[in-house]
Every structure is written in C-alpha cells, then in structure tokens.
Peer 1: 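Got a structure for you, questions after.
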Amino acid sequence: MNNTIRTRIAPSPTGSPHVGTIYLSLFNYVFAKTQQGKFILRIEDTDRERSTKKSEDEIVSSLKWSGISWDEGPDIGGPYGPYRQSERTEIYKKYCNILLEKKAAYYCFCTPERIDSIRKEQMKNKAPVVKYDGHCQHLSEEEIQEKLSNNTPYVVRMTVPKTGTCCIRDLLRGNIEINYDQVDEQILMKSDGFPTYHLASVVDDHLMNISHIIRGEEWIPSTPKHILLYDYFGWTPPVFCHFPLLRNADKSKLSKRKNPTSVSFYRRLGILPEVLLNYLGLMGWAMPGGDEMFTLQEMMENFDINRMSLSGPIFDIDKLTWLNAKYIREKLTKEDILKHLKAWQFNDDYLLSVIDLLQGRLNLLSDFIPITSPMFSGMPEYDKKLLLQENLSEEDLKTILHTTLWAMEQLTHWNKDHLYKLFNQLADHHSMKLKIFSRIFYIVLTGKEISLPLFDSMEVLGSDMCRQRIIYGINQLGGPLGKKKLQKLESKLQSLKLF
RNA sequence: GGUCCCAUCGUCUAGCGGUUUAGGACGUCGGCCUCUCACGCCGAUAACACGGGUUCGAAUCCCGUUGGGAUCACCA
C-alpha cells in the first residue's frame, strides 16, 4: 500500500455543469496537488436515463476552461481506467456477486409499485424512518433460483445491520455517529444491470486508490452505506471530508430554480475563469493574511484544509462581479483583455452563428452592433411598461414566464425547432396567438420588441442565458409568484402534455 | 416528522481563552476627486442567536434551547 494522496471529482453527466462541481474540483485539486498527489476525473454515468455524452463533454470543457487539470480521466486515460462508469459494468457485477455470496447483499424481486406502496404506507403511518421492509431478504435459495430462471426482474440490495451505530470519521467534522436503523437497505444494482452510485463509487474509489473523498455534505447521511460496503469487502475506507454546500440567497442549497448554477452561464456572462476559481476559493476558505485576490498558485502555496469553515456560504454574484472587475482593472493588460474577449464571444464560431441570423437584415456593417447587442450582453435593459401592454396583468405575465421557464426545463434538445413547437403549445395553453405570446419573450430575452428571429436567437443564446433572462424578467415584474400559486401552476403544467 | 450537519455585520469572512471599544471585503449611504460615468480615496452603517455552565477571564471550551440547512429514490 502506498500513501500517495489521490482525490477525485466524480460528476454525473446529467445537464449543465454545476458551479458546485468546480468548487469541489478546486479543493480536491488543491488538496492533492499541495501534497504531491494526484487528482482524478471520473464520470458517473450509471443513470443511463439521464446521462448524456453532450453533458459529459460540457463538463470536461467547463473544467478545462476553469483552469483545473486532472492527472487521470476519461479523456486522457490513466493506470486505473476506464474512468467512465458505464464502461466498468463488468467490474461492478463481479463485486456485486462477491457481496451476494457473502450475504452482504440479496436479490429483491419487489416491483416498483410495491416499493411505492410500502413507502406511502410508512409515510401515512408517520414511521420515523421510511425504508425497505426486507421482504425479499429471507427468500429461500429455491425461490430465488426459480424467479431468476423465470427472468423475473430484480435488483440487488445491500444488507444493513438492524442495530448498532456507524461512526464516520470526518477530516473536518470529527466523528459523526449514525444509527444503522436509520439506514435503508439501498439498491446496489438496478434492474437494468447498472449499479447505483453507492456500489459504483465505493468500488471505483477503492480500485482507483482514492485516499481522500472530499465531497458535499449532502452525502453525510449515506456515508454509513459506503463504510459498510468497504467493510463487507474487507477494504480500508478512504478519509472522508464533507464540505459545506454552496447556497442560494435564502440559504437553501444552490439550485437552478433560484440562481444561475451552470458554469456555462458564468462563462457566457463574461466571468474570467481565474476569477471564478478565486471566488470559489473564498467560499468557506480564506487566505491566512486575508487577501481576497489570489491565483491558484498562491492559494496552493498557502493552503491548509483546516482553515475550512463549515457553514454553507451564499454564492453572491455581486461580489463575484466585483472581483471580476478588479481583475480586469488591476491584473490584466490590454492584450490580456483582447485575448479574453476573443476567447469569450469574439471568435469565428460565435460570430458566424450570429451573422447567420442577421444577414438578411443587415444594411450597413455599422448596424451589426446595435442589432446584435442582445447576443453579447448579460441581462437586457427595458422598461417594464413594454411588458404590460396587451392587457396582461403583472400576475398574468409572471404566470406565463414561470410556465415557460419550467416547460423549457423539460426540453431535451435546445434548438429552434423544438422551441418553436414548445412556444406554440404554450401560446395555445394560454389561449394566445403566438405573435402576442412571443412578443413578451422578445422583450424579456432581448430587451426589444423588434429583434432577430426569436427561436434562432434562443438557440444561439443557449438555455442558461435564456432561463436567466426570464428569471430576470420575473424579478423586473416584482419577483416570483407566491409559493401556493407556484405549486398550483406546476401541477397544472404537469397535467399538460407538452411534447 | 426521524436522523445528521451548521451558527461572528444583509453577504463572504478574520478571530482558534486575555493583545478586541470584535478586524478586512462585498453591498448600502454620505463626501472628495473629476468633461460625464466608472475607477480611486475618505467616512458612515452593521454581527459574536439565546440560556446555562467551565474559568481569575469566553466570540473562542462544554451542555441545552432556538434558528437555518441537508437527507430519507431502481438520481447522483
């Protein structure tokens, strides 16, 4: 056994790369690198319903953009590969069988419907802990074989002791004790043959020789399952270290609904990569001397994980913006800024996609900037009176904006055709003509009543920027609707069959 | 609701038993500078959640209360 420090970031490729991923990458990276260790990227794509290659590519590109590099990963390989869990299914099967043999796990043939009903029943009876009832745990060997040979769908669940406590030794938090009666007999292997997070990450972390798991505190409650698995396998668990969660302004965990969370949004806004890293380095951590502006290098020279504070920091875009401005003013040369601008949106690819939208309506080259300004700006400026024409109340407008925002979340492919279709359905739903309906979005998304073609623009702008401008629009109208109204809206939307 | 985590200005934080009338930064509000705006500079605002201990002494240690958060999926 060697004692090299090895840390990892293990994102799941389901959607836009999250700033929290960069946050934890930063600390995993710095922690490992300041101790001559290695930092590994592993893609956790065992959820084959939601995982996409596109999202994986975006994660890799966002991480690269941020300035964090990794020693081993799906794109560069390494001695412990493959680094994509979907390519390791045979490994998980093998280890799952070991568990099965040891009776540390068992086959479960319960249908999702049954699971659902026992869960509901338990909740109705206000059971202190809602969990699997162990129905399949005591099936006889014959029963199991019979069901297996009948091809009855099954999952594999882990066995959890009925009593006793698990002690998590957390690098920052000391000992955390959790009783086993709180721990569910988690599914390890899904009926589609893919492992769940718990099995896959434990097996991989061990096989990849991960020495320290630095992850969000949301994982604390399921850590006993992981420790139990290490125990069943006879492996020494790595050191656990649970970081605080980045928060929304209302202190809840940073979420898409309440904040821009995607790295691509900040990139698109014009936050410099080194500023994002610097700012994230200020979340829960501070330089010994109190300096607020520092490079990754400087952070590493002064890093001490024990300086980490554990209360969840609110992600404050104002301060991030201030830091960005300070960098531009104090750290960059004119040439640096030019370089950044080019890499940002003044590159051939982006310019071409914009030109594609306005070739027909460009009379003079000098019209370019005024016409395309929304394609380069952050939040558009407009008079909210523009929105209030058409005899719609503020509440009507907010309803429309909220509904659209949520409908957009359901969209699997962000392109003009799908958007066109969606907007038609939405206009219909609100009993409005598309022309009237879309006018609202011309204003909210571009700040103007007359602009480039809407759906084409939205495609070029990207979902993150569009979402954010709509949220901004809602705030221009005095903020979101009340909780109850929102709930009503959401259930109404779910009953609506969009697409 | 059960379990667990956390607790210094509105926000990010310094502080790790006495050097503290609790320091810095963002924000906000004044002022100066100035061809506008910004930058910069100066100033103001504002915090140790509460209650018990421990101690000669507590923001700092312990316990309780309160508050906030996370979690309770064939998602990670």
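Computation of the quantities below employed the complete heavy-atom set of this structure, encompassing side-chain atoms and omitting hydrogens, waters and symmetry-equivalent molecules. Sequence lines set the chain letters: A, B, ... in the order given, protein chains first and strands last, and positions in each chain run from 1.
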Peer 1: Using a 4.0 Å heavy-atom cut-off across all strands, classify A/Cys166 as base, sugar-phosphate, or nothing.
Peer 2: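 Answer is nothing: A/Cys166 stays at 4.0 Å or more from every strand.
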
Peer 1: In terms of side-chain heavy atoms of A/Thr196, which of B/A76, B/A25, B/A73 is nearest?
Peer 2: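 Of the candidates, B/A76 comes closest.
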
Peer 1: Rounded to whole angstrom, note down the P distance from B/U11 over to B/G18.
Peer 2: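 Those two atoms are separated by 27 Å.
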
Peer 1: Rounding to an integer number of angstrom, what distance separates B/C62 and B/U55 when you compare their C1' atoms?
Peer 2: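 My reading of the C1' atoms in B/C62 and B/U55 gives 12 Å.
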
Peer 1: Between A/Pro221 and A/Ile178, which heavy-atom pair has the shortest distance, and what is it?
Peer 2: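 What the structure gives for the nearest pair is CA-CD1, 4.3 Å.
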
Peer 1: Would you measure the distance from the P atom in B/C5 across to the matching atom in B/G10 and give it in whole Å?
Peer 2: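 One P to the other, the span is 27 Å.
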
Peer 1: Regarding A/Ser252, tell me which of base, sugar-phosphate or nothing describes its non-hydrogen contacts under 4.0 Å with the strands shown.
Peer 2: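 The answer is sugar-phosphate, as A/Ser252 gets under 4.0 Å only of primed atoms, P, OP1 or OP2.
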
Peer 1: Sugar-phosphate means primed atoms, P, OP1 and OP2; the rest is base. With that split, encode nucleotides 6-11 of chain B 5' to 3' as B, S or - using protein heavy atoms under 4.0 Å.
Peer 2: SS---S

Peer 1: For A/Glu185, check salt bridge (Lys or Arg N to Asp or Glu O under 4.0 Å) against everything at least two apart and list the hits.
Peer 2: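 Not a single residue meets the salt bridge (Lys or Arg N to Asp or Glu O under 4.0 Å) criterion with A/Glu185.
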
Peer 1: For atom C1', what is the distance between B/A7 and B/G27, given to the nearest Å?
Peer 2: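 Roughly 22 Å separates the two C1' atoms.
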
Peer 1: Mind checking whether A/His206 and A/Phe233 have ring centres under 6.0 Å apart?
Peer 2: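 Between A/Phe233 and A/His206, which both carry aromatic rings, the centre distance is not below 6.0 Å.
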
Peer 1: Under 4.0 Å, heavy atoms only, any strand: does A/Glu49 hit a base, just the sugar-phosphate, or nothing?
Peer 2: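 Nothing, no nucleic acid heavy atom in range.
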
Peer 1: Starting at the 5' end of RNA chain B, which residue's closest nucleotide do you reach first, A/Glu330 or A/Asp318?
Peer 2: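 On the 5' side of the pair lies A/Asp318.
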
Peer 1: Test: side-chain hydrogen bond (donor to acceptor under 3.5 Å, both in side chains). Region: residues 7-27 of chain A. Which pairs qualify, not counting sequence neighbours?
Peer 2: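 As it turns out, the side-chain hydrogen bond (donor to acceptor under 3.5 Å, both in side chains) pairs with a partner in residues 7-27 of chain A, which skip direct neighbours, are A/Arg8-A/Asp205, A/Ser12-A/Thr14, A/Ser16-A/Asp464.
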
Peer 1: Using both distances under 3.5 Å as the test, list the Watson-Crick or G-U wobble partner of B/A38, or none.
Peer 2: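 Base-paired to nothing in any strand shown.
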
Peer 1: Using a cut-off of 4.0 Å on non-hydrogen atoms, how would the nucleic acid contact of A/Leu320 be classed: base, sugar-phosphate, or nothing?
Peer 2: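 No contact.
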
Peer 1: Return no unless some side-chain N or O of A/Arg307 is found under 4.0 Å from OP1 or OP2 of B/G15.
Peer 2: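 A/Arg307 to B/G15 OP1/OP2: side-chain N or O found under 4.0 Å.
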
Peer 1: Tell me, yes or no, whether the heavy-atom count around A/Lys331 atom NZ, taken from other residues, nucleotides or ligands under 6.0 Å, exceeds 12.
Peer 2: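 Count over threshold, so yes.
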
Peer 1: Of the candidate nucleotides B/U71, B/C12, B/C75, which contains the atom at the shortest distance from the side chain of A/Glu218?
Peer 2: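 The nucleotide sitting nearest to the side chain is B/U71.
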
Peer 1: Say you pick atom C1' in B/G24 and the same atom in B/C9; how far apart are they, in whole Å?
Peer 2: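 Result for the C1' pair: 12 Å, nearest Å.
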
Peer 1: Looking at B/G40, I'd like to know if its phosphate oxygens (OP1 or OP2) sit under 4.0 Å from a side-chain N or O belonging to A/Lys326.
Peer 2: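 For B/G40, OP1/OP2 do not have a side-chain N/O of A/Lys326 under 4.0 Å.
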
Peer 1: So what does A/Met189 hit on the nucleic acid, given a heavy-atom distance under 4.0 Å: a base, only sugar-phosphate, or nothing?
Peer 2: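 Nothing, no nucleic acid heavy atom in range.
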
Peer 1: Considering every strand and a 4.0 Å limit on heavy-atom distances, what is the contact class for A/Glu44: base, sugar-phosphate, or nothing?
Peer 2: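 Sugar-phosphate contact only.
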
Peer 1: The side chain of A/Lys253 is closest to which nucleotide in this list: B/A70, B/A76, B/G40?
Peer 2: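 The answer is B/A70.
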
Peer 1: Looking for any heavy atom pair under 4.0 Å, which part of the strands does A/Ser201 touch: base, sugar-phosphate only, or nothing?
Peer 2: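 Nothing: the residue A/Ser201, judged by heavy atoms under 4.0 Å, touches no strand.
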
Peer 1: Provide the distance between the two P atoms, one in B/G40 and one in B/A25, to the nearest whole Å.
Peer 2: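 Each nucleotide's P atom is 12 Å from the other's.
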
Peer 1: Under a 4.0 Å N-O cut-off, is there an ion pair linking A/Glu56 with A/Arg84?
Peer 2: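 Yes, A/Glu56 and A/Arg84 are salt-bridged.
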
Peer 1: Considering only B/C4, B/A25, B/U3, which nucleotide approaches the side chain of A/Trp322 most closely?
Peer 2: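 Looking only at heavy atoms from C-beta outward on A/Trp322, the closest nucleotide is B/A25.
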
Peer 1: Under 4.0 angstrom, heavy atoms only, what part of the nucleic acid is A/Arg329 near: base, sugar-phosphate, or nothing?
Peer 2: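 Contact class for A/Arg329: sugar-phosphate only.
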
Peer 1: Could you go step by step and tell me if A/Ile187 and A/Val156 meet the side-chain contact (heavy atoms from CB on, under 4.5 Å) rule?
Peer 2: CA-CA 6 Å; A/Ile187 291 177; A/Val156 176; over 6 Å; no

Peer 1: As a test of reading the structure: which of B/C39, B/A25, B/A76 is closest to the side chain of A/His198, going by heavy atoms?
Peer 2: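 Of all the options, the side chain of A/His198 is nearest to B/A76.
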
Peer 1: Looking at A/Arg215, does any N or O in its side chain come under 4.0 Å of the phosphate oxygens OP1/OP2 on B/A70?
Peer 2: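 Checking A/Arg215 against B/A70: no side-chain N or O falls below 4.0 Å of OP1 or OP2.
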
Peer 1: Roughly how far apart, to the nearest Å, are B/C50 and B/C26 at atom C1'?
Peer 2: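 About 29 Å, rounded to a whole number of Å.
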
Peer 1: ring-ring contact (aromatic ring centres under 6.0 Å, His included), that's the test. Do A/Trp235 and A/Tyr95 meet it? Break it down for me.
Peer 2: CA-CA 12 Å; A/Trp235 298 336; A/Tyr95 284 98; 5.4 Å; yes

Peer 1: Among B/U13, B/A76, B/C12, which is the nearest nucleotide to the side chain of A/Thr46?
Peer 2: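 My answer, after comparing the listed nucleotides, is B/A76.
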
Peer 1: Which nucleotide, if any, forms a Watson-Crick or G-U wobble pair with B/A14, using both distances under 3.5 Å?
Peer 2: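 Result: none.
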
Peer 1: If B/A70 has a Watson-Crick or G-U wobble mate with both distances under 3.5 Å, name it; if not, just say none.
Peer 2: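 Paired with B/U3.
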
Peer 1: Do A/Glu72 and A/Tyr83 have side-chain atoms, one donor and one acceptor, less than 3.5 Å apart?
Peer 2: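 There is such a pair between these side chains.
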
Peer 1: Between B/A22 and B/C16, how far is it from one C1' atom to the other, in whole Å?
Peer 2: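 Looking at atom C1' only, B/A22 and B/C16 are 14 Å apart.
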
Peer 1: Nearest to the A/Gln186 side chain among B/C75, B/A73, B/C5, which nucleotide is it?
Peer 2: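 Closest nucleotide to the A/Gln186 side chain: B/A73.
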
Peer 1: Which base sits across from B/C61 as a Watson-Crick or G-U pair, both distances under 3.5 Å?
Peer 2: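 Check on B/C61: paired to B/G53, both distances under 3.5 Å.
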
